Amino acid sequence: MSRAIPRTYWVAGTAVLLALLFAAAATVAAANGGSAAPAPAAPRTPGLHSADAGFARDMAVHHQQAVEMSFIVRDRTQDEAVRTLAYDIANTQANQRGMLLGWLDLWGLPKVVADEPPMSWMGGSAGHGGHAGHGPAKPGALMPGMATKEELEQLGAASGRDAEVLFLQLMTDHHKGGVTMAEGCAQQCGTPVERNLAQGMVDAQRSELTLMADMLKQRGATPRG
């Protein structure tokens, strides 16, 4: 999953370069008395209930739980493969969460909207597997793929192989829900940088789903459901 971050930085750098090119074009047009083509209009700021803003808010919450689960399992096992995976997930998703929240600040939008149901920005497919076939959130979970409070407590009480298997199963569910959301943004979000980040999440998390299935098999277990 760590591959998604450099790609995002490349996209951000490209956006900055394009902004500089647009500014230069506007300067040339002014110097030529307006004979050059007009500069492109400034990008539209996403609205409060747009897919761009909704995805940023929901995925920030979704990512925060992945970071939490990764820190829990780090202290519950000495297995280097699981600890390395947990570190990669925590590091990557914490950085991506910072980007999402930073965009909300840049757009002047709140990080929490009262009475807004999770994933409502996805329309009729929200929570019903409309994008990736992942079903609705289980009772006690905020969004599809997220663990319940009881499952987090169970993970915190487990150790060794039991903790490894439960973490891999919970994170598999979590990634499936995350892919559903990221696919939704890749299709619906209007901000190019955010769409690219979402597609990077889809690609990276699908790769990690394959990895986690192999790790579960090595421990004589399988994904849940």
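Hydrogens, waters and symmetry mates play no part in the numbers below; they use all other heavy atoms, side chains included. None of these values were measured; they are calculated from a predicted model.
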>> Between Asp52 and Arg195, does the side chain to side chain contact (heavy atoms under 4.5 Å, CB included) criterion hold? Intermediate values first, please.
In response: CA-CA 9 Å; Asp52 307 64; Arg195 284 201 309 270; over 6 Å; no
> Going through the distances and angles, do Arg57 and Val112 end up as a side chain to side chain contact (heavy atoms under 4.5 Å, CB included)?
Replying inline: CA-CA 7 Å; Arg57 285 190 290 266; Val112 177; 5.7 Å; no
>> Applying side chain to side chain contact (heavy atoms under 4.5 Å, CB included) to Val179 and Met201, what does each step give before you reach the verdict?
In response: CA-CA 7 Å; Val179 167; Met201 291 178 185; over 6 Å; no
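When the options Gln96, His174, Arg97 are evaluated for a side chain to side chain donor-acceptor pair (under 3.5 Å) with His63, the one that passes is Gln96.
Leu142 has its side chain out of reach of Asp58: every pair of non-hydrogen atoms, C-beta onward, lies at least 4.5 Å apart. Side chains of Thr148 and Glu151 form a contact here, defined as non-hydrogen atoms less than 4.5 Å apart.
Under the 3.5 Å distance criterion, the side-chain polar atoms of Asn91 are left unmatched by any main-chain donor or acceptor of Tyr87. Proximity of a side-chain donor or acceptor of Arg224 to a complementary backbone N or O of Gln169 within less than 3.5 Å is not detected.
Using a 30° and 60° split on the angle between ring planes, Trp121 and Phe55 fall in the perpendicular class, above 60°.
Taking CH2 from Trp103 and OG1 from Thr45, the interatomic distance works out to 14.0 Å, rounded to the nearest 0.5 Å.
Residue Phe71 belongs to a hydrophobic cluster whose other members are Val67, with links defined by side-chain heavy atoms closer than 4.5 Å.
When every heavy atom of Pro46 is checked against every heavy atom of Thr191, the shortest pair comes out as CG-OG1, 3.7 Å.
Pairs engaging residues 157-166 under the side-chain hydrogen bond (donor to acceptor under 3.5 Å, both in side chains) rule: Thr77-Glu164, Glu164-Arg219 [sequence neighbours left out].
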